[in-house]
J.: 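First the structure, which I've put down as structure tokens, then a few questions once you've had a look.
Just so we're clear, the structure is a prediction, and the values are computed from it rather than from any experiment.
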2 protein chains.
Amino acid sequence: MQAQEILQQHNLKKTSPRLAIIEALQSSSAPMAEAEISEKMGSHYDRTTFYRSMLTLEEAGVLHRIIVDKLLVKYALNASGPNGKTQADHAHFFCKECRKLVCLEEIHPGPYRLPAGFQTSEAEVIIRGLCNQCSKQG
Amino acid sequence: MQAQEILQQHNLKKTSPRLAIIEALQSSSAPMAEAEISEKMGSHYDRTTFYRSMLTLEEAGVLHRIIVDKLLVKYALNASGPNGKTQADHAHFFCKECRKLVCLEEIHPGPYRLPAGFQTSEAEVIIRGLCNQCSKQG
DNA sequence: GTTCCAAATGCAACAATGTTGCAAAGATAG
DNA sequence: CTATCTTTGCAACATTGTTGCATTTGGAAC
């Protein structure tokens with residue numbers, strides 16, 4: 001889907017940084033960190049703009065954020081489901097060797113049986129180890 | 001168990017910041033962030049020392065680190081298992097309202113069926129929502 | 001097309017978490 | 001007590017993110 005259409009579907013203004021962010025994410029299969037995304041974005045945009053755009057896009061359900069490690073955060077576009085709704089409820093795999101992150105769309109977290117009175121809004125699963133490439137060489 | 005004993009069991013030197021960190025963590029049931037731990041530690045210690053001590057203690061298996069949110073990291077002592085081995089493989093619940101973190105010792109992540117060639121070393125599960133206190137009031 | 005306004009952007013400053021290099025201080029074995 | 005190796009403290013810097021405010025821009029009304 002075109003970046004423009006995605007923004008339109010979510011009732012967001014088609015501004016140039018938003019379009020650049022979505023197109024950058026579309027150009028890669030793996031989730032990317034801020035530095036990688038900025039690099040792929042043609043012109044230079046302010047870091048504040050980047051973070052605010054990410055917040056807006058995340059709240060609208062266009063993409064999701066994965067906190068991999070202490071200071072390592074990656075972003076990925078949400079896949080669109082059958083009814084056009086986007087879905088982000090899947091596990092992520094992080095390779096300690098090549099530091100690549102993989103969305104495991106087929107692994108869904110939970111359901112978890114919580115103590116009485118606890119209400120779940122979302123769950124996040126990060127599996128760490130060696131990916132198929134790195135486990136061969138290691 | 002005494003802080004001194006814990007260090008001894010893991011063959012770590014009994015230095016004053018390490019003792020202070022362990023005692024601070026023992027004084028609370030919930031995992032704590034850096035600022036909370038520092039506050040509970042009697043004397044002032046350098047932040048570099050804090051981070052290096054945490055790294056050492058984490059590698060030795062004395063405690064574990066939970067990355068809750070973008071810039072929010074909490075630490076908790078590991079429970080000691082039957083054979084004296086410490087264990088950290090449990091899910092965590094984060095309350096969006098009061099921002100408290102709870103270790104869910106009874107919920108263990110996985111096992112997960114990964115694509116061929118992927119090797120798991122560890123998995124982390126964070127469930128977000130409202131805790132039993134805050135869901136009553138909300 | 002022009003005008004208008006709310007929304008988005010850019011800049012500056014700041015906050016939280018963490019790392020690296022190096023000299024001084026401390027722990028433990030002998 | 002002394003020697004030695006580890007740990008600590010300090011300074012500087014890196015990454016990720018937030019807040020306030022002036023300026024620009026998208027998109028709708030005309």
J.: Please report, rounded to the nearest Å, how far the P atom of D:dT16 is from the NZ atom of A:Lys74.
T.: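 From A:Lys74 NZ to D:dT16 P: 10 Å.
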J.: Could you tell me from which nucleotide to which nucleotide of DNA chain C, 5' to 3', there is an atom under 4.0 Å from chain A heavy atoms?
T.: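 Range of nucleotides touched by chain A: C:dA7 to C:dT19.
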J.: From the list D:dG17, D:dC10, D:dT8, which nucleotide is the closest neighbour of the side chain of B:Arg18?
T.: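 Closest nucleotide among those given: D:dT8.
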J.: Have a look at B:Arg47 and say if it touches a base, only the backbone sugar-phosphate, or nothing, with a 4.0 Å heavy-atom cut-off.
T.: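 Base, at least one base atom sits under 4.0 Å.
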J.: Dump the pairs, protein N or O against N or O of nucleotides 21-28 of chain D, anything under 3.5 Å, distances to one decimal.
T.:
from   : atom 1 : to      : atom 2 : distance (Å)
D:dG27 : OP1    : A:Lys14 : N      : 2.9

J.: Taking the side chain as everything from C-beta on, heavy atoms only, tell me whether A:Met54 gets closer than 4.5 Å to A:Ile21.
T.: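 Yes - at least one pair of side-chain heavy atoms lies under 4.5 Å apart.
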J.: Closest heavy-atom contact between B:Leu77 and B:His64?
T.: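 Heavy atoms only, the tightest pair is O-CE1, 3.9 Å.
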J.: Give the rounded distance in Å between these two atoms: CG of B:Leu19 and P of D:dT7.
T.: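 Nearest whole value for this atom pair: 13 Å.
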J.: Does the side chain of B:Val73 come within less than 4.5 Å of B:Tyr75's, by heavy atoms?
T.: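 Yes; the side chains approach each other to less than 4.5 Å.
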J.: Which heavy atom of A:Arg113 sits nearest a heavy atom of B:Ile107, and at what distance?
T.: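 Heavy atoms of A:Arg113 and B:Ile107 come nearest at O-CD1, 3.6 Å.
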J.: Would you say A:Gln26 and A:Ile6 make side-chain contact, with heavy atoms under 4.5 Å?
T.: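 In short, these two side chains touch, coming nearer than 4.5 Å.
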J.: Using a 4.0 Å heavy-atom cut-off, does B:Ser53 contact any base of the nucleic acid, only the sugar-phosphate backbone, or nothing at all?
T.: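 Result for B:Ser53 = sugar-phosphate.
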J.: Between A:Thr56 and A:Asp46, which has a closest nucleotide on DNA chain C that is more 5'?
T.: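 Nearest nucleotide further toward 5': that of A:Thr56.
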J.: Between D:dT7 atom C1' and B:Leu57 atom CG, what is the distance in whole Å?
T.: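 Atom-to-atom, B:Leu57 to D:dT7, this comes out as 12 Å.
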J.: Let me know the distance between CG of B:Leu72 and P of D:dT18, rounded to the nearest Å.
T.: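 For the pair B:Leu72 CG and D:dT18 P, the rounded distance is 12 Å.
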J.: Quick one, A:Glu124 and B:Ile127 - any side-chain contact, counting heavy atoms below 4.5 Å?
T.: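 Result no, sub-4.5 Å side-chain heavy-atom pair not found.
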J.: Do other residues, nucleotides or ligands put more than 12 heavy atoms under 6.0 Å from the NZ atom of A:Lys100?
T.: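 Result for NZ/A:Lys100: open.
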J.: With a sphere of 6.0 Å drawn around CD of A:Gln2, does it hold more than 12 non-hydrogen atoms of other residues, nucleotides or ligands?
T.: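 Count not over threshold, so no.
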J.: From OH of B:Tyr51 over to C1' of D:dT8, roughly how many Å is that when rounded to an integer?
T.: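 So the two atoms are 16 Å apart, to the nearest Å.
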J.: Going by distance alone, is a donor N or O of one side chain under 3.5 Å from an acceptor N or O of the other, for B:Ser16 and B:Tyr45?
T.: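 Side chains of B:Ser16 and B:Tyr45: pair found under 3.5 Å.
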